[in-house]
Amino acid sequence: MPRFLTEQFDISETRLKEIVSDTIAGSDDGELFLEYSEGEALMFDNGRLKTANFNTDQGFGLRAVAGEATGYAHSSELSEAALLRASDAVSAVKAGYSGTLAGAPARTNKHLYGEENPIGSPGFEEKAKLLQEIDAYLRGKDPRVRQVTASLAASWQHVEILRGDGQIVRDIRPMVRVSIAVVVGDGDRQETGSHGMGGRKGFGEFLAEGSWRHGADEALRQALVNLAAIPAPAGTFDIVLSSGWPGVMLHEAVGHGLEGDFNRKKTSAFAGLMGQQVAAKGVTVVDDGTIFERRGSLTVDDEGTPSAHNVLIDDGKLVGYMQDRQNARLMGVKPTGNGRREGYAHQPMPRMTNTYMTAGSMTPEEIIASVKNGIYAVSFGGGQVDITSGKFVFGCTEAYMIEDGKVTQPIKGAMLIGNGPDAMHRVTMVGNDMKLDTGIGMCGKAGQGVPVGVGQPHLRMNQMTVGGTRV
């Protein structure tokens, strides 16, 4: 693996900087983004090792920004010829434009991750054997287990960002994930359960016997809960959301609406509401890319801006948006370290890192006990959100009825329906048990996927619409 990506070109670093400087001169901003990545994935399904792959990739993306316009070109060939072709294409955005190059991002001496690559340990054979053990363990736990799918994935990314002024920023980004899914059946009925865990670290703690067995047990528990579940009712109910992964609803229904590009273009339901009460008092929402080893954490974003702890909503008031450099400049504010991209073939844009709601003062037991007739949503699956209107629909993968302050019958097919800003005003109780998800989040936007973290404490939301099959 390369020590410095700039050295992989067939030209000197001085010549490299000269080409980048000439390309960006006269624009407002820009950079050369260099990336080298390795990835490995193994999946054990239906009693056999179904897929196993290892890949490497490297390349560059060259960008110049002129006002609201962007010129971008990329290549997997690290050569002077490829860079000059990219420069010609990118420079077209500057035609008839005269800009002043924005100041460089602040520097940081903090590095969240070292050079260690998680792919090499444990070895391939040991990983394959472990996946087989997970399969055998679950099949031996319960005769109703009909299918087990277990997978391990790891990646190691090295990025370098070279600006027109010659500044170079480097970052190392490891990542691992363990995923387990189970199908259980009783007669003609089948249900599923799943559990995942991971983060920006090595496999060590996740592959310890106690850890993977816990993950397997959780997947089986959820599947058996769903096997006993009755159809969800339809109507309006008080909702209690569990802590951790249910923060994905906050991420989708509120987080995307707080990204700078949507607000600059006034296509977000939160546009123009800075300083106003956009959620109930007691609701504080943060995006923090500095949390060590979390899935969404980065030393610097993909423009070289250090990651930060950014408060977005403070006690219900909108106080900040997530910004990349371009949208921050056009809105007259500072970048927040949220300029992210999937890889060298993609342009950066405002994206979340680890987005969560902070803790309140109520215990989960107090929140559940306060509900006479409602639904307890423990885990979510897929959802859809309209950024402009804020409307969302989320499917529950584990949920229960709450009757007279007690959790009772599990239900299946519950769909939570609402509007992000409106839903935040319906929060009446915030728990004291904030936790982040187990390290499984991926976020899609404009065709790009990036790893993220979500989180929240237990919440009570009054009179939310629930779609179900039982009236």
How many angstroms lie between atom [atom1] of [X] and atom [atom2] of [Y], to the nearest 0.5 angstrom?
X    : Y    : atom1 : atom2 : answer
M349 : F262 : CE    : CZ    : 8.5 Å
S75  : R85  : OG    : CZ    : 6.5 Å
Y376 : C396 : OH    : SG    : 12.0 Å
E38  : N117 : CD    : CG    : 5.0 Å
I24  : L62  : CD1   : CG    : 6.5 Å
L258 : I313 : CG    : CD1   : 5.0 Å

Checking side-chain polar atoms at under 3.5 Å, does [X] have a donor or acceptor matched by the opposite partner on [Y]?
X    : Y    : value
Y36  : D57  : no
T397 : S379 : yes
D287 : N338 : yes
Q58  : E35  : no
S297 : N354 : yes
N310 : Y321 : no
Y137 : D217 : yes

- Between R325, R63, R163, which is the residue that forms a salt bridge (charged side-chain N to carboxylate O under 4.0 Å, His left out) with E31? R63
Looking at [X] and [Y], does any basic side-chain N land under 4.0 Å from a carboxylate oxygen?
X    : Y    : result
K129 : E126 : no
R200 : E293 : no
K435 : D433 : no
D302 : R173 : yes
K445 : E259 : yes
R264 : E68  : yes
K17  : E13  : yes

Is [X] reaching over with its side chain to a backbone N or O of [Y], donor-acceptor style, under 3.5 angstrom?
X    : Y    : value
Q347 : A73  : no
S91  : S87  : yes
R340 : M352 : yes
S155 : G39  : no

- Message: Could you check, using the six-membered ring where one of them is a Trp, whether F206 and H214 have ring centers closer than 6.0 angstrom?
- Response: no
Do [X] and [Y] come close enough that some side-chain heavy atom pair is under 4.5 Å?
X    : Y    : value
I19  : L16  : no
T23  : L32  : no
L241 : L416 : yes
Q326 : T70  : yes
I134 : F44  : no

- Let me see the working for T51 and D45 under side chain to side chain contact (heavy atoms under 4.5 Å, CB included), right down to the final yes or no. CA-CA 9 Å; T51 62; D45 181 54; over 6 Å; no
- Message: Working note: L78 + L34, criterion side chain to side chain contact (heavy atoms under 4.5 Å, CB included); need CA distance, chi angles, decisive distance, verdict.
- Response: CA-CA 9 Å; L78 301 185; L34 297 163; 4.3 Å; yes
- Message: Tell me whether the rings of Y72 and H74 are parallel (<30°), tilted (30 to 60°) or perpendicular (>60°).
- Response: tilted
- So H256 and H251, would you call those rings parallel, tilted or perpendicular, with 30° and 60° as cut-offs?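 Perpendicular.
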- side chain to side chain donor-acceptor pair (under 3.5 Å) assessment of E398 paired with Y400: CA-CA 7 Å; E398 182 180 349; Y400 303 82; 2.6 Å; yes
- Message: Working note: R213 + S211, criterion side chain to side chain donor-acceptor pair (under 3.5 Å); need CA distance, chi angles, decisive distance, verdict.
- Response: CA-CA 5 Å; R213 286 198 176 198; S211 179; over 6 Å; no
- Verdict with supporting geometry, E77 and S79, side chain to side chain donor-acceptor pair (under 3.5 Å): CA-CA 6 Å; E77 178 186 322; S79 70; 2.5 Å; yes
- Task: Tell me, please, which residues at least two apart from N226 pass side chain to side chain donor-acceptor pair (under 3.5 Å).
- Result: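 With sequence neighbours excluded, N226 shows a side chain to side chain donor-acceptor pair (under 3.5 Å) to no residue whatsoever.
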- Task: Could you go through the side chain to side chain contact (heavy atoms under 4.5 Å, CB included) check for R295 and M442 one step at a time?
- Result: CA-CA 9 Å; R295 190 169 170 85; M442 282 294 293; 3.4 Å; yes
- Message: Just checking K201: does its NZ atom have more than 12 heavy atoms from other residues, nucleotides or ligands closer to it than 6.0 angstrom?
- Response: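 Buried by this count: over 12 neighbours within 6.0 Å.
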- Heavy atoms of other groups near Q167 CD, more than 12 under 6.0 Å: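 Count over threshold, so yes.
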- Give the intermediate values and the outcome of side chain to side chain contact (heavy atoms under 4.5 Å, CB included) for residues T6 and I168. CA-CA 9 Å; T6 51; I168 298 178; 4.3 Å; yes
